[in-house]
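Lettering of chains follows the sequences in order, A, B, ..., and the numbering in each one begins at 1.
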There are 2 protein chains.
Amino acid sequence: MNDTMTARWLDSDQQAHWRAFLSGTTRLFERLDRQLRERSGISLAEYEILVRLSEAPGQHLRMAELASSLAHSRSRITHTVARLEAAGAVIRQACPSDGRGVLALLTDGGMRMLVDAAPGHVDAVRGYLVDVASPADFEAVGRVFGATADLLADDS
Amino acid sequence: MNDTMTARWLDSDQQAHWRAFLSGTTRLFERLDRQLRERSGISLAEYEILVRLSEAPGQHLRMAELASSLAHSRSRITHTVARLEAAGAVIRQACPSDGRGVLALLTDGGMRMLVDAAPGHVDAVRGYLVDVASPADFEAVGRVFGATADLLADDS
DNA sequence: TAGAGATAGTTGACGATTGAACTAAACAGC
DNA sequence: GCTGTTTAGTTCAATCGTCAACTATCTCTA
């Protein structure tokens, strides 16, 4: 956002789309989070961390890699990983190649939590978002928020 | 989500779109909230309440109308309106037609806060979302999340 | 090879959101 | 017109996220 930016207001269609987006995402995240908590006892943020760790070679990632991958603050990652560690889903260990670094390592128990949670979560993502959109519309969603994410990438 | 739902996993394109959406919205909301706080001293949630009140006839709405319009919990609306009241942006008064009800009424000061905040906020919404999407793609976003919002409407 | 600055991560205090329990008023059926 | 049930809103405690301060390590340059 800089001083040369002078665009104003949204037209009424744009405003309707923007408000649909606000309302839809608010309800969607609330529902996904609640469903995960009720069925598997983990939050959406915790779930996403487990997913990233499960995909990583050796099932471990640096804290900063988790932070940038999820677009969460470092502090938030510290707190969330601490909760996951208390729940036995993750272990922390020093990073061998960088004395400042910390690796979060998925445990077998963490993998079981993920395997337990994933089907219901994916069903929910499908049922409330993916499958209510046409393939072309869902692609458009990916394009739009990919562009937004790039624009707001960490160095911006 | 019901028992007959058996769809599984997302294909790799769908997963890429879903993650772009997660990352894009996370960054977008974080940025919009921070920009509003820095430039105008209000949160995004507070801003949205001021907008709804400013559009309402008589510049007032019931608490429950705010809650369903923003898809926020009643408890959250109570807290947020309390903060706005402390900031002098809103006044609460008993609802004349329903003894249980409470009206949130926008003050002149609240209207000034909104007028001050709105241009920068709209520029940000444009700059980080609306204008990075083609018109057709942004329409698709509206369609998709409109459908999600309907599906997850309060009685679901 | 100092020393300055940048980077990684944690901590603690504070603010915001949630969910459950609660009060009070409205409504429905008899 | 009671009585039981819904609905509106608030309150409290607990959880989660943010921000600023802090330690430790790494990197760059002279």
task = Verify whether the ring centers belonging to A:F145 and B:F29 lie closer than 6.0 Å.
result =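 No: the rings miss the under 6.0 Å criterion.
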
request  = For A:R92 and for A:R34, locate the closest nucleotide of DNA chain C by heavy-atom distance; then report the residue assigned to the nucleotide nearer the 5' terminus.
outcome  =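 First, find each residue's nearest nucleotide; the 5'-ward one identifies A:R92.
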
Check the distance between [N]'s [atom2] and [X]'s [atom1] and give it to me in whole angstrom.
{"X": "A:H72", "N": "D:dC19", "atom1": "NE2", "atom2": "P", "value": "14 Å"}
{"X": "A:E30", "N": "D:dC16", "atom1": "CD", "atom2": "C1'", "value": "15 Å"}
{"X": "B:E46", "N": "C:dG15", "atom1": "CD", "atom2": "P", "value": "13 Å"}
{"X": "A:L84", "N": "D:dT15", "atom1": "CG", "atom2": "C1'", "value": "14 Å"}
{"X": "B:L103", "N": "C:dA25", "atom1": "CG", "atom2": "C1'", "value": "15 Å"}
{"X": "A:R62", "N": "C:dT10", "atom1": "CZ", "atom2": "P", "value": "11 Å"}
{"X": "B:R74", "N": "C:dC22", "atom1": "CZ", "atom2": "P", "value": "19 Å"}
{"X": "A:D98", "N": "C:dT10", "atom1": "CG", "atom2": "C1'", "value": "15 Å"}

request  = Compare the minimum distances between each of C:dG19, C:dT10, C:dA16 and the side chain of B:R83, then state the nucleotide with the smallest one.
outcome  =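 Taking heavy atoms from C-beta onward, the closest nucleotide is C:dA16.
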
Decide yes or no, distance alone: a donor-acceptor N/O pair under 3.5 angstrom between the base of [N] and the side-chain of [X].
{"X": "A:H79", "N": "C:dG9", "answer": "no"}
{"X": "A:T78", "N": "C:dG9", "answer": "no"}
{"X": "B:R76", "N": "C:dT17", "answer": "no"}

Below 4.0 Å: OP1/OP2 of [N] and any side-chain N or O of [X]:
{"X": "A:R37", "N": "D:dC16", "value": "yes"}
{"X": "A:S73", "N": "D:dT18", "value": "yes"}
{"X": "A:R100", "N": "D:dA24", "value": "no"}

query = Does B:D108 CG have over 12 foreign heavy atoms under 6.0 Å away?
reply =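 No - once you tally the heavy atoms of other residues, nucleotides and ligands closer than 6.0 Å, there are 12 at most.
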
request  = For B:R112, look at atom CZ and say whether over 12 heavy atoms of other residues, nucleotides or ligands are found less than 6.0 Å away.
outcome  =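 Check fails, neighbour count at 12 or below.
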
key: Full working for side chain to side chain donor-acceptor pair (under 3.5 Å) between B:R76 and B:T80   = CA-CA 6 Å; B:R76 183 176 179 182; B:T80 311; 4.8 Å; no

inquiry  = Any heavy-atom pair between the side chains of A:L10 and B:R126 that's under 4.5 Å?
reply    =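 Yes, their side chains come closer than 4.5 Å.
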
task = Between B:M63 and A:A45, name the one whose nearest nucleotide on DNA chain D is closer to the 5' end.
result =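 Its nucleotide being nearer the 5' end, the pick is B:M63.
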
